[in-house]
Amino acid sequence: MRRAWLTLLAATGLTLATVIPAAAPASAAAPASAAALAPAQVRVNQVGYPAYGPKVAYAMLPAKVAAGVRFEVLTPYGVAYQGVSTDDVGPWNANYQAVYQLSFSGVRTAGQYQVTLLSPGRAVSPTFVIGDGAELYGQLVDNAVRYFTSERDGPDVVSSVLDRQPANLTDERGYVYADPTYDSNDNLLGSFRRIGGPVDVAGGWFDAGGGYEKFAYTASYADALMQIAARALSNKQGPGWHPALGSEAAFGLQWITKLWNPARRVLYAQVGIGNGNASNSIQGDYNFWFLPQQEDRLDVARGGSPGPTAYYVKYRPVFEAAPPGQPVSPDLAGRFAADFALGAQLAADPAEAAHLLSLARGVYAMAKITNVGQLVTAFPHDYYPGSQWKSDMLWGAAEIALADEATGAPAARVRADLSVAARWARAYIAQGHSDTFNLYDTGAVAEGELLQAMQQAGVVPVSPGTLLGDLAAQLRAGQEQAKGDPFALGTQLGASDASPHAFGLFITDALYQKYGGGSQFESFAQQQLNFALGANGWGSSFVVGAGTVFPHCMQSEIANLAGSLSGTGSGDDLQLGAVTDGPSDPANFTGLGTVTGMRACRAGDFAPYNTKTAAYEDNVVSWPSVEPADDYTANSLLAFALGGSGLA
C-alpha cells in the first residue's frame, strides 16, 4: 500500500553500497526445543491506560496451561491487583503456542504500574501509567507535532529540533514540468519537459523518512488532521493549549496555499522526484542519503560531483495535478477544500477566514467528478495507489459547511453546503468500502465532521443514524478482522499499514461515541491504541518516544544522520513522535540494502516473535517496519488529541 523506496531502487538496477538480507523475518520463527522453551513475555500498552477505561495485558507462553495464568498488577508501593486468567486467545507462532489475555480494568487509581506474570514462569512488563487523557496523551501530542517540525522544508526551520537547517531553497523558484512517465518498475522514461514557472513552492513537510519529496496528497491529509486536532484541543482546553500544534498546522497550510493558484486555477501536486531512470543519467532523491540542506549544495555542473545527473535533485521539478483551468483530481480538490475550510474555522481574523473559505470553494468547484480515471496522488502513482475519492469530496463539503457556521454565513448558504455534503455522504456509503480510516479512505473523519456540522446548524439533510451506521460498519469490519489475531488488531497483519489503521480505528470509535453512538466498540478501539503502543506480539511501540521499547533505527535520513542511534539521550537526540508502520509482510524484507552515507543501525532481536505472515525489524535498512511517514504520524496525533481531550 505504500512506496518501498529501497526495493524500488533495487528494481532499477542502481548500485547499493551493501545488500543485506533480512535477519529472520522471511518465515515464522523456528520452534523452540523442549530443553529451551521460549521465555514467557508480558505485553502491555507501554504508555498506559485511561483510569475508567478497559485495561488488558497479554502473556505470551510457549504452551497452554490447564491451571491458567497467575499475575499481579504492581505499584511502586505494593500489589494493586492479583488475578488468574484462563482466557487463551490463541497461538502466536511456533515459539509461543498460547497467548493469555490479562484483564485488570478494575484498577483505576492514577499512578505507575507493572504487570508481573507469576506462573507459569515469571515475566515483568514495562512500566506504564494509569491516568486521565491529558496525563496519558498530552506529551504524545506535542511529540507528534515535533515530528512534523523536524520534517520542515524551506527557510523556516527550527534549529533546536535535530539541528535542522534551511533546505531546498531552490524551491522558491521551481519550474513546472509535464507529467513524467514510468515503466513497470517505476523507472523514469524519457526526459523532463519544462512547461512553466518559476513558482514558489518552498516550505512544507517532507513526505516520509527515506526521501525529501513533497506530495500534496499526503500533506493535505496530514494538515487537515492536524487542524482538526488543534480545534478539538482548543475547544476543550482553551486558547494556548498545545501552542505548537496550531503553529505547525498553520505552517502546513501555508505550503498548501502555495500549491493552489486560484487566478490560474491550477493545483501543484508534487515537488521533487524519488526515482530517476534506469541508466542513472537522471538521478532521483533516492540515489542519495544526506541531510536535506545538502541538496542545495550539490555541484551539478559538468565535471562536478555528482554532476549533471543530479540536476533534478537540486533543482526539483514541480508537477501539476491538471493543466490550468482543467478539472482537478477529486481526491486533491476535496482535501484542499477541507484544509482551507479548516483554516477558516481556526482563523482569528475575519478577513483571513473569508479568504480561506473562498479558496476552499474555488478549489472544490474544480473537482473532476465524472470520468475520473486514475487519481492523481503522486508520480509515479505506485508510491500512493489511492483509488477512493468520494470520501474526500464529502470531507471538503463538510468542512465548508463548518466554516460557513464559524464565519456567520446566511442560513440558506449553510443549508446548501450541508446538502452537498449529504449527497457525497450517500454516494460514499452507497459505493461500499472495504477499508477503514487511513490515508486512502477518509470517510470516518468526513462523516464525523458532517455530523458536527448538522448538529451545530440544526439542519439534517442526511440521517445521523445513516452516518453513525456507517461508522459502526467500519468498526465491525475491524472487529471481524481482529478475530484471527490474539492481539485483536483490526486490520490484516502484513498486508496493510498496521499502525495507522490501528490509530484510525481508535479515531473512528471516538467520533462514533462523540456524535451519538454507543460504547459497544470501546474495548476493541482501546486495544487498537494498545497494539500500536506495545501490546502486540513484538512488544514494541511503533511511536518514537512512546513507552520503553520503540524504534531506534528508523529509515529516516534526518534521524539517522542527526540523531541518536541508541534510542537514548535527551529528546533533542530523537525524532520524537515519528510513527512507523510496524509489522509487515516477511516478503518485503528480502534484498534490503544500504545507500552510501547511511549510518548502520540495528536494535533489538524481534525475530523470535515473527510469524509466517508478519515480521518486524528495527534496522535502518528495514523500510517495511521503520520508515516514518507524515500520514502515519498525523493519524497518531489526532488519536492522541481525541484521547487527551476526553473525546475517547
Side-chain angles (χ1 to χ4, degrees), residues 137-168 171 202-234 241-259 271 291-292 335 338-339 342-343 346 439 499-500 503 507 542-546 551 554-559 562-563 571-572 574-581 627-642 644:
Y137 310 123
Q139 186 59 54
L140 297 183
V141 170
D142 289 340
N143 287 355
V145 172
R146 187 181 184 277
Y147 169 75
F148 281 95
T149 304
S150 76
E151 290 288 302
R152 284 189 181 192
D153 195 20
D156 187 14
V157 298
V158 179
S159 61
S160 62
V161 178
L162 290 167
D163 194 30
R164 284 300 323 284
Q165 303 298 315
N168 292 302
D171 287 352
W205 299 305
F206 306 125
D207 173 65
Y212 296 129
E213 319 97 289
K214 300 180 293 192
F215 300 120
Y217 183 67
T218 50
S220 57
Y221 172 87
D223 193 64
L225 296 191
M226 191 176 291
Q227 290 190 79
I228 291 172
R231 189 187 66 198
L233 289 172
S234 177
W241 182 255
H242 296 283
L245 173 56
S247 175
E248 199 62 36
F251 176 86
L253 183 60
Q254 181 184 49
W255 187 66
I256 288 163
T257 303
K258 289 184 175 185
L259 299 186
V271 180
L291 290 171
R335 293 177 189 210
D339 289 322
L342 279 159
L346 293 169
L439 174 68
S499 60
F503 286 121
I507 290 166
F542 304 125
V543 181
V544 174
M554 291 190 298
Q555 190 169 107
S556 161
E557 291 172 87
I558 292 170
D572 291 340
L574 302 174
Q575 201 170 23
L576 289 175
V579 176
T580 66
D581 197 350
E627 182 184 22
D630 291 356
D631 61 288
Y632 292 175
T633 307
N635 275 23
S636 78
L637 193 157
L638 182 56
F640 297 144
L642 293 173

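These values consider heavy atoms only, across backbone and side chains, with no hydrogens, waters or symmetry-generated copies.
- A salt bridge links Asp171 with Lys214: at least one charged nitrogen is closer than 4.0 Å to a carboxylate oxygen.
- Judged by distance alone, with hydrogens and angles left aside, the side-chain atoms of Asn635 form a donor-acceptor pair with the main-chain N or O of Pro500 at under 3.5 Å.
- Counting all heavy atoms, side chain and backbone alike, Leu162 lies closest to Gly563 at CD2-CA, 4.0 Å.
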Exercise for review: Would you check, one step at a time, whether the test ring pair (Phe, Tyr, Trp, His ring centres under 6.0 Å) holds for Tyr632 with Phe503?
Suggested key: CA-CA 9 Å; Tyr632 292 175; Phe503 286 121; 9.6 Å; no

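- Looking at Glu557, Arg164, Gln165 one by one, the single match for side-chain contact (heavy atoms from CB on, under 4.5 Å) with Pro292 turns out to be Arg164.
- The closest donor-acceptor contact from the side chain of Arg146 to the backbone of Val161 lies at 3.5 Å or more, if one exists at all.
- Here the side chain of Ser234 pairs no donor or acceptor atom with the backbone of Arg231 at under 3.5 angstrom.
- For the pair Gln227 (side chain) and Asp339 (backbone), a donor-acceptor distance under 3.5 Å is present.
- Between Trp205 and Phe251, the ring planes lie tilted relative to each other; the angle falls in the 30° to 60° range.
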Exercise for review: Show your reasoning for whether side chain to side chain donor-acceptor pair (under 3.5 Å) applies to Asp630 and Thr218.
Suggested key: CA-CA 7 Å; Asp630 291 356; Thr218 50; 5.2 Å; no

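- Remark: side-chain polar atoms of Ser499 are not paired, donor with acceptor, to backbone N or O of Phe542 under 3.5 angstrom.
- Closest heavy-atom contact between Gln575 and Ser556: OE1-OG, 2.8 Å.
- Between Arg152 and Glu248 there is a salt bridge, since at least one side-chain N of the basic residue sits less than 4.0 Å from a carboxylate O of the acidic one.
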